[in-house]
Amino acid sequence: LTLTQAARATDKPRSIAAFAHDTGIEPPTLGAMVSFAGPRVRGDLLLASTMDVVSQTRPGTGKRYGKHHSAAKLVMMRDWMGELANQALGRIKSMLLGHDLSFGTRAPIPLSAEAMLLVTPKSPDTRPVYFRGGGGNVGFWLDVLHDGEIDAGAGSGHGGGLKEGKLVLF
């Protein structure tokens with residue numbers, strides 16, 4: 001699934017779904033949010049999309065789901081969306097290891113289209129981005145509150161965390 005940027009917010013949005021509506025993008029039908037917190041940073045990562053796009057990324061689903069899909073398939077797709085959000089936050093966390101910025105994460109929370117209308121950013125700096133690909137759109141925001149002393153350019157020489165594809169067993 002190849003994604004290209006479709007829209008980027010310039011102001012703090014009311015919600016990810018409202019931002020989609022305001023920019024003429026098809027509103028998301030499912031999403032997931034993962035919360036994180038640490039000594040110097042806390043916030044939420046939100047990932048939102050349509051059933052069609054998410055079904056293209058789920059392993060073992062070679063077919064798309066039409067308008068009529070079972071409740072069990074919907075639960076599987078919402079769980080998969082949670083996994084995608086968790087993986088995205090894990091990649092961000094890995095990149096921040098070299099900046100002495102650590103945080104713990106909570107389990108992903110699957111969100112319905114209705115629930116995404118209620119999720120509002122906490123930080124005044126949150127700007128969602130929508131990407132187009134696979135016949136639909138993927139919305140993303142990283143809502144971060146921090147202590148004001150984060151310098152993303154100043155690493156500790158650890159190379160920015162793990163290299164892609166590396167595994168740490170503990």
Side-chain angles (χ1 to χ4, degrees), residues 1-37 41-96 103-145 161-162 164-165:
L1 185 65
T2 302
L3 300 174
T4 56
Q5 185 171 311
R8 181 181 203 90
T10 55
D11 297 319
K12 180 180 174 180
R14 298 181 315 275
S15 72
I16 193 104
F19 171 62
H21 181 269
D22 293 348
T23 56
I25 291 174
E26 180 183 2
T29 53
L30 45 114
M33 183 171 67
V34 183
S35 297
F36 57 93
V41 66
R42 64 186 160 87
D44 302 301
L45 178 139
L46 184 113
L47 196 60
S49 192
T50 59
M51 180 73 80
D52 193 38
V53 173
V54 176
S55 69
Q56 292 179 51
T57 67
R58 186 170 177 269
T61 54
K63 62 180 187 244
R64 295 180 181 188
Y65 297 119
K67 296 238 181 244
H68 303 288
H69 46 269
S70 72
K73 287 180 184 174
L74 180 59
V75 168
M76 287 189 297
M77 296 310 294
R78 289 174 69 186
D79 284 348
W80 178 241
M81 192 67 167
E83 177 58 27
L84 293 173
N86 198 38
Q87 287 180 27
L89 187 58
R91 289 187 62 170
I92 291 168
K93 184 175 183 176
S94 176
M95 288 186 279
L96 293 174
F103 52 83
T105 62
R106 298 202 182 269
I109 300 169
L111 300 171
S112 65
E114 295 80 14
M116 283 185 280
L117 288 168
L118 304 174
V119 177
T120 58
K122 298 169 193 77
S123 168
D125 300 322
T126 300
R127 300 292 183 268
V129 179
Y130 264 95
F131 299 93
R132 183 167 287 119
N137 301 294
V138 176
F140 174 87
W141 83 23
L142 187 61
D143 186 17
V144 180
L145 296 168
L162 298 174
E164 290 295 318

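Just so you know, these numbers use all the heavy atoms, side chains as well, and skip hydrogens, waters and symmetry mates.
- Residues Ser49 and Asn137 approach most closely at OG-O, 2.6 Å, considering heavy atoms.
- Looking at heavy atoms from C-beta onward, Tyr130 lies in side-chain contact with Pro28 at the 4.5 angstrom threshold.
- Leu47 contributes atom CG, which lies 10.0 Å from atom CG of Leu111 (distance to the nearest 0.5 angstrom).
- Between Leu30 and Leu74, some side-chain heavy-atom pair lies under the 4.5 Å cut-off.
- Counting non-hydrogen atoms of other residues, nucleotides and ligands closer than 6.0 Å to CZ of Arg42 gives a total of 12 or fewer.
- Taken to the nearest 0.5 Å, the CG atom of Asp143 stands 10.5 Å off from the CZ atom of Arg127.
- The shortest distance between side-chain heavy atoms of Ser123 and Val144 does not fall below 4.5 Å.
- Side-chain atoms of Phe131 and Val53, non-hydrogen and from C-beta on, never get closer than 4.5 Å to each other.
- Partners of Phe140 under the ring pair (Phe, Tyr, Trp, His ring centres under 6.0 Å) rule, at least two apart in sequence or in another chain, do not exist in this structure.
- Between atom OG1 of residue Thr29 and atom CE of residue Met81 there is a gap of 8.0 Å, rounded to the nearest 0.5 Å.
- How far NZ of Lys73 is from CE of Met51: 10.0 Å, rounded to the nearest 0.5 Å.
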Donor-acceptor contacts under 3.5 Å from residues 113-122 side chains, at least two apart:
{"residue": "Glu114", "atom": "OE1", "partner": "Ser112", "partner atom": "OG", "Å": "3.3"}
{"residue": "Lys122", "atom": "NZ", "partner": "Asp44", "partner atom": "OD2", "Å": "2.3"}

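- The CG atom of Leu89 sits 7.5 Å away from the CG atom of Leu142 when rounded to the nearest 0.5 Å.
- Looking at heavy atoms from C-beta onward, Leu96 lies in side-chain contact with Phe103 at the 4.5 angstrom threshold.
- Ser55 places a side-chain heavy atom less than 4.5 Å from the side chain of Met77.
- Taking CD from Glu83 and OG1 from Thr57, the interatomic distance works out to 10.5 Å, rounded to the nearest 0.5 Å.
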